[in-house]
Amino acid sequence: MPTIPLHTAPKEPTKTFSSLLPQILQTPTGLAILEIQGTINLPQILPSESATQVGRLVFPDYSRNDPASNTAWMKRVHLYVGQHQRLTGEVKKLPRALAVIRKREETDSANEELEIVDIVYWKVIFSNRPEPVGISLT
Amino acid sequence: MSIREDSGVPFEICHEQQHLRLLELPPALLEQIAFNHLSNLTLKSIVPSSSSQTPANAVLCTDNQTYQVRQVHSSNSVYVLKPCETSLGYDSMPTEGLSAIAQCTTTLELIPAPSSATIFLKQTLPVYSGLESCTQSSTASTPLGKRNKRAVFEDAPFSLGEFEKACEDLCVFEVDGQAWLPTVSALANLWKSTMSGAKMRDVNLGESFSIATLCGIVEEDGHPIALLKAMIDRLSSNNSDLVDDDIALSKEKAVRWVGLVLLQSYPPSAEGILLSEFLENWQNQVQEDWRAHASLDALKGNYSQPGNGRIIFDESEGSAIISSIPAGSGGNNARKWHERFKNARR
């Protein structure tokens with residue numbers, strides 16, 4: 001029976017902590033989960049680009065100075081998509097924590113090994129329809 | 001850099017997506033991983049077979065627990081984000097942003113699986129039924145060739161802890177690199193031989209003794225020493241006062257086990273065995289000072305009484321002694337056909 005080891009921690013932990021997101025949303029390695037009820041339609045991918053800009057993620061009620069116990073900001077998150085659309089969502093605790101798993105790159109054996117990169121407890125979820133907005137956001 | 005409340009965090013989708021999977025962690029497992037730094041997790045994929053009892057095609061095992069892995073699709077777009085440098089900031093300066101490095105269309109769910117180790121071993125291992133069936137020639141007749149416990153475990157869809165527990169419960173033993181499952185009658189004969197050996201050498205099985213004193217006699221009776229050791233391990237008390245390799249049997253474990261072995265070694269019959277006959281037989285098969293303990297209380301949960309002073313063996317989930325009737329094929333299910341139809345119609 002094929003058996004694959006699943007390591008509970010990455011071989012080389014990469015601490016890429018950034019202060020971009022409210023702390024609660026980020027794992028030690030900087031990962032976060034974003035869920036959209038629907039899909040983002042991307043324009044044609046240009047080979048010269050490594051990524052497609054979608055828009056911006058805004059936490060309008062979040063303030064770094066608030067105490068951690070204050071969770072009112074979680075109720076409102078905006079995702080601006082392109083120039084004219086805005087999604088409204090919220091920060092939610094996952095019913096069950098999610099382990100993010102990947103293939104371990106440098107393994108001791110020739111066989112495949114997996115590792116848990118990090119464990120995520122919260123997600124940002126957008127379950128509403130997009131609303132039209134103007135370009136007043138700069 | 002701080003969150004600019006006015007303009008937010010730039011968000012992009014990376015073209016070179018990584019292969020990441022999301023695995024839902026049940027609270028008990030999460031606690032082990034997050035706080036105890038549990039390191040042994042293995043994913044086993046099950047080769048589909050008609051006899052396979054598990055609906056999942058993969059299981060995740062910790063040291064002693066097994067979870068079935070189920071893949072659940074989501075119609076939502078789920079992205080894993082990671083901080084990155086984005087060169088396409090709104091002001092052409094590179095700024096820090098978030099990049100979707102993976103999109104996960106499925107999540108893996110874990111469902112705690114009840115131990116299937118006992119059933120698996122009964123279906124997998126060659127049966128040792130008694131004298132001289134454990135020789136070289138008969139090992140060759142098993143379709144997969146010789147397989148020791150380790151090889152059997154490699155094909156087992158559950159954790160090592162569950163495997164070892166089931167092996168101990170069933171007195172699985174190894175001879176010449178082949179694992180065997182003893183039948184009830186083999187165990188009953190072995191116990192008889194052990195008892196007469198103990199009597200001859202004046203050994204009290206409940207107090208410290210050395211296995212070596214019994215080996216000669218048991219071997220003379222044609223029982224493999226490995227089986228004797230497996231049985232003694234199964235019945236030994238966890239007394240830590242013992243010196244060296246000495247061992248002592250637990251009265252509770254041994255009396256109950258002997259009772260269950262005897263009860264199962266009667267030919268199966270619907271009306272059962274006479275209780276008085278069974279009790280007498282049982283009490284004669286344990287050493288003098290254990291006789292009083294050999295009463296129905298010691299068999300709790302593993303027998304039923306159809307009436308007329310008779311007794312029938314009843315395999316409960318806790319029972320781990322080999323039964324001559326394979327689990328799941330009893331007449332019990334057949335009678336409930338109308339209930340099964342009712343369920344199917346819902």
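A, B, ... follow the sequence lines: proteins, then strands. Residue 1 opens every chain. In this text, all values refer to a predicted model and were calculated from it rather than measured experimentally.
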**Student:** Using heavy-atom distances under 4.5 Å, tell me whether B:Leu29 contacts chain A through its side chain, its backbone, both, or neither.
**Tutor:**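 No part of it gets close to chain A.
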**Student:** Relative to chain A, which segment of B:Glu154 carries a heavy atom at a distance below 4.5 Å: side chain, backbone, both, or neither?
**Tutor:**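 Contact with chain A is through the backbone of B:Glu154 alone.
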**Student:** Working to the nearest 0.5 angstrom, can you tell me the gap between B:Leu43 CG and A:Glu113 CD?
**Tutor:**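 It comes to 12.0 Å.
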**Student:** For the CZ atom of A:Arg56 and the CD atom of B:Glu12, what is their distance to the nearest 0.5 Å?
**Tutor:**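 The CD atom of B:Glu12 is 13.5 Å from CZ of A:Arg56, to the nearest 0.5 Å.
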**Student:** What distance do A:Leu98 atom CG and B:Arg21 atom CZ have between them, rounded to the nearest 0.5 Å?
**Tutor:**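 Nearest 0.5 Å value for the CG-CZ distance: 12.5 Å.
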**Student:** Could you look at A:Leu114 and say if it's the side chain, the backbone, both or neither that has a heavy atom under 4.5 Å from chain B?
**Tutor:**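 Contact with chain B: side chain only.
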**Student:** Enter the distance from A:Glu115:CD to B:Leu41:CG here, rounded to the nearest 0.5 Å.
**Tutor:**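 Reported to 0.5 Å precision, the distance equals 12.5 Å.
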**Student:** Heavy atoms, side chains only, cut-off 4.5 Å: are A:Thr52 and B:His15 in contact?
**Tutor:**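 Contact flag for A:Thr52/B:His15 side chains = yes.
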**Student:** Rounded to the nearest 0.5 Å, what separation is found between the CD1 atom of A:Ile119 and the CG atom of B:Leu22?
**Tutor:**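 Rounded to the nearest 0.5 Å, the CD1-CG separation comes out at 12.0 Å.
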**Student:** Report yes if the side chains of A:Leu21 and B:Leu98 come closer than 4.5 Å at any heavy-atom pair, otherwise no.
**Tutor:**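 Yes; the side chains approach each other to less than 4.5 Å.
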**Student:** Hey, does the side chain of B:His19 reach the backbone of A:Arg102 with a donor-acceptor pair shorter than 3.5 angstrom?
**Tutor:**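 No, because the side chain of B:His19 does not come within donor-acceptor range (under 3.5 Å) of the backbone of A:Arg102.
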**Student:** Could you look at B:Ala156 and say if it's the side chain, the backbone, both or neither that has a heavy atom under 4.5 Å from chain A?
**Tutor:**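 B:Ala156 touches chain A through backbone heavy atoms alone.
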**Student:** Among A:Pro5, A:Ala32, A:Ser127, which has the most heavy-atom pairs under 4.5 Å with chain B?
**Tutor:**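 When all of A:Pro5, A:Ala32, A:Ser127 are compared, A:Ala32 has the most.
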**Student:** Between atom OG1 of B:Thr42 and atom CG of A:Leu6, what is the distance when rounded to the nearest 0.5 Å?
**Tutor:**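 Reported value, rounded in 0.5 Å steps: 8.5 Å.
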**Student:** Do the non-hydrogen side-chain atoms of A:Pro2 and B:Lys44 ever get within less than 4.5 Å of each other?
**Tutor:**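 In short, these two side chains do not touch, never coming nearer than 4.5 Å.
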**Student:** Using a heavy-atom cutoff of under 4.5 Å, enumerate the residues of residues 33-41 of chain A that contact chain B, numbered in order, or state 'none'.
**Tutor:**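 If one takes a 4.5 Å heavy-atom cut-off, the residues of residues 33-41 of chain A near chain B are A:Ile33, A:Leu34, A:Glu35, A:Ile36, A:Gln37, A:Gly38, A:Thr39, A:Ile40.
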**Student:** Given that the side chain runs from C-beta out, which part of B:Leu108 has a heavy atom under 4.5 Å from chain A: side chain, backbone, both or neither?
**Tutor:**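 Looking at B:Leu108, nothing touches chain A.
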**Student:** Which heavy atom in A:Gly30 sits nearest to a heavy atom in B:Pro83, and how many Å separate them?
**Tutor:**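 Closest approach of A:Gly30 to B:Pro83, heavy atoms only: O-CD, 3.0 Å.
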**Student:** Picking from B:Cys104, B:Ala100, B:Pro27, B:Pro26, which has the most non-hydrogen pairs under 4.5 angstrom with chain A?
**Tutor:**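 Max contact count across the listed options: B:Pro26.
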**Student:** If you apply the rule side chain to side chain contact (heavy atoms under 4.5 Å, CB included), what do you find for A:Ile116 with B:Ile33, and how did you get there?
**Tutor:** CA-CA 10 Å; A:Ile116 294 179; B:Ile33 295 175; 4.0 Å; yes
**Student:** Do the non-hydrogen side-chain atoms of A:Leu31 and B:Ile101 ever get within less than 4.5 Å of each other?
**Tutor:**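 Yes, close enough: below the 4.5 Å cut-off.
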**Student:** Given that the side chain runs from C-beta out, which part of B:Leu30 has a heavy atom under 4.5 Å from chain A: side chain, backbone, both or neither?
**Tutor:**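 Answer is side chain: those atoms of B:Leu30 sit under 4.5 Å from chain A.
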**Student:** Checking A:Leu42 against chain B: side chain, backbone, both or neither under 4.5 Å from a heavy atom?
**Tutor:**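 Contact with chain B: side chain only.
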